[in-house]
Amino acid sequence: MKKIDTHVHMPSKRNVWGIEHFEAEAYLDLMDQLGINQSIILPLDGLFFDAPMCNTELAKWCATDSERLTPFFTFEPRDPGALKEINRCINELGMRGVKLHPWLQGFRPTEDVMMPLCEKLASEGIPILFHDGTTPYSTPLQIGELARIFPTLKVVLGHGGLYDMADEAIATAQEFPNIWISMTSLPTWYMQKLIDNVSIDQLLFGSDGGLGNVDKQSYVGLRWQMFESLNLDAEIQTKILSTNPERLLRGVSQ
Amino acid sequence: MIIDGHITLLPNADVGKIIADMDEAGIKRAILSPADHEVAVNNFEGNSRVLKVVGKNPDRFYAYATSNPWFGKNSVETLKAAMKSGAVGLKINSSLQGFTLLDPIVYPLVEAVAEAGTFIYAHTGTPVNALPLQLRVLARRYPHVNFIMGRSGRTDFRTDAIPTLQMQKNIFADTAHDYPQTGLANTFNSVGSGQMIFCSDSPYETQKFGVECVKAMTISKDDKDAILRRNLVGLLVRVDNYEKN
């Protein structure tokens, strides 16, 4: 079974949260040790600094092994050049999805400026993975509103509501079939609750890897241990770790 | 010996399974808390249910009492009755119970805890009314009462946990859901082992996982003992019910 981690951050090059940058080879070594075939790589610096510049850096980082490191990009929704940046990331850099963090980036998921951008992303089959689980701007139902407006847009709740909003994440996924949930940073109890209450076809798994220096990545292995401790049927595991993430990324031009 | 500072006893919990999980994780004793609906409204029923389980397994469990301050004078009576029956601490969850940790409505409960020499497990991390820095203000008002900062502000108020601990020495970090090289290491490097108490937060995470994370920290054996046992014993020895159990 192919194992795909849908939530890994490129380690900061600008000391965000005290993280010291490390090269992709080091993360690929970790993936080898843990038997992870592929990781979706999300921006961290791009959420705080010049997004286009950081997107270029992230694409280059992932180019170390483009089969195993799948790049997602970000943009500033209020930037008049956002649509141009989307086109550049998809067509020139071959990036496969978007990461947005409304709480950090300071916008509401359904602001008017998001409409033409989401229309474009939906038409390209490009998924958006949102940070979710915190107020303001990042509650699951706020993000669900975007999924309602764009029923063909693939919208991922990047944390399944975290702790306090797991029930809201469940309600959102139950209502909107184009909502996906990456079970990232969730204790086992909440992961099991999602599995029991949401269509398995909407579930993904993530480690939140890359948030820390290279010698502090042991939590990635612990996250996988937590997933394995759920003792899920092989068929369910395959869907969450392989079939679903491949479907999420399918149909995207590269 | 390891003591688990916080387990929620769900209504359908299999006590035999909890004990088996404790044995697997090497946990000698754990403090049981009433479940959410009991913390919010059915305080007396919750306290009675937990105390009953503790009474049947006095060598494995202690009890948290809970009480919602909105019940006014009755809330203090509920707490005192539970303590008289053996509860070793108070569990509050201001998010579930509908008050802010800054609200004077909770003072009578804290004063009852102070009088009894027990301590308080206060859930944190849920905005808008259960936040680490709010707990700091409450703990500053009652410097002789000890508090465990439940979930240490997780998830997005985790960053407030460190200044809270640094400014208020009568607050202890809850280790639940933190990893050895990141969250736990950060807390240890900021305030040392003396303000950390092992809590598994079972059943939301397994006890085995929580113990393994503390054991995997690159700290001395003595520091691990402080986190896994000694600090909590330091709170419990002040409680009359501790000796009885």
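Numbered from 1 within each chain, the chains take letters A, B, ... in sequence-line order. What you see is a predicted model; the values in this text were computed from it and never measured.
- A:L211 approaches B:T182 most closely through the heavy-atom pair O-CG2, 4.5 Å.
- Around the CD atom of A:E235, the shell of radius 6.0 Å holds no more than 12 heavy atoms that belong to other residues, nucleotides or ligands.
- For B:K52, the NZ atom counts as loosely surrounded, since its 6.0 Å shell holds 12 or fewer non-hydrogen atoms of other residues, nucleotides or ligands.
- Between B:Y204 and A:W189, the ring-plane angle classifies as perpendicular under the 30° and 60° cut-offs.
- Looking at B:P203, the atoms closer than 4.5 Å to chain A (heavy atoms on both sides) sit in the backbone and in the side chain alike.
- When heavy atoms are compared at a cutoff of 4.5 Å, A:Q217 approaches chain B solely by way of its backbone atoms N, CA, C and O.
- B:T126 touches chain A through backbone and side chain together, each having a heavy atom under 4.5 Å away.
- Shown here is A:M1, whose CE atom has more than 12 heavy atoms of other residues, nucleotides or ligands within 6.0 Å.
- Closest approach of A:L222 to B:C213, counting heavy atoms only: CD1-SG, 4.2 Å.
- Note that the CD atom of A:Q225 and the OG1 atom of B:T206 stand 9.5 Å from one another [nearest 0.5 Å].
- Only the backbone of A:D215 has a heavy atom closer than 4.5 Å to any heavy atom of chain B.
- Using a 4.5 Å cut-off between heavy atoms, A:M191 makes no contact with chain B at all.
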Could you go through the side chain to side chain contact (heavy atoms under 4.5 Å, CB included) check for B:Q181 and A:Y219 one step at a time? CA-CA 7 Å; B:Q181 289 189 312; A:Y219 72 92; over 6 Å; no
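- Atom OG of A:S185 is separated from atom NE2 of B:H177 by 12.0 Å, given to the nearest 0.5 angstrom.
- Heavy-atom distances place both the backbone and the side chain of A:S218 under 4.5 Å from chain B.
- Within the 4.5 angstrom heavy-atom criterion, only side-chain atoms of A:W103, from C-beta onward, approach chain B.
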When you look at A:R223 and B:Y179, which way does the side chain to side chain contact (heavy atoms under 4.5 Å, CB included) test go after all the steps? CA-CA 10 Å; A:R223 281 291 305 159; B:Y179 301 112; 2.8 Å; yes
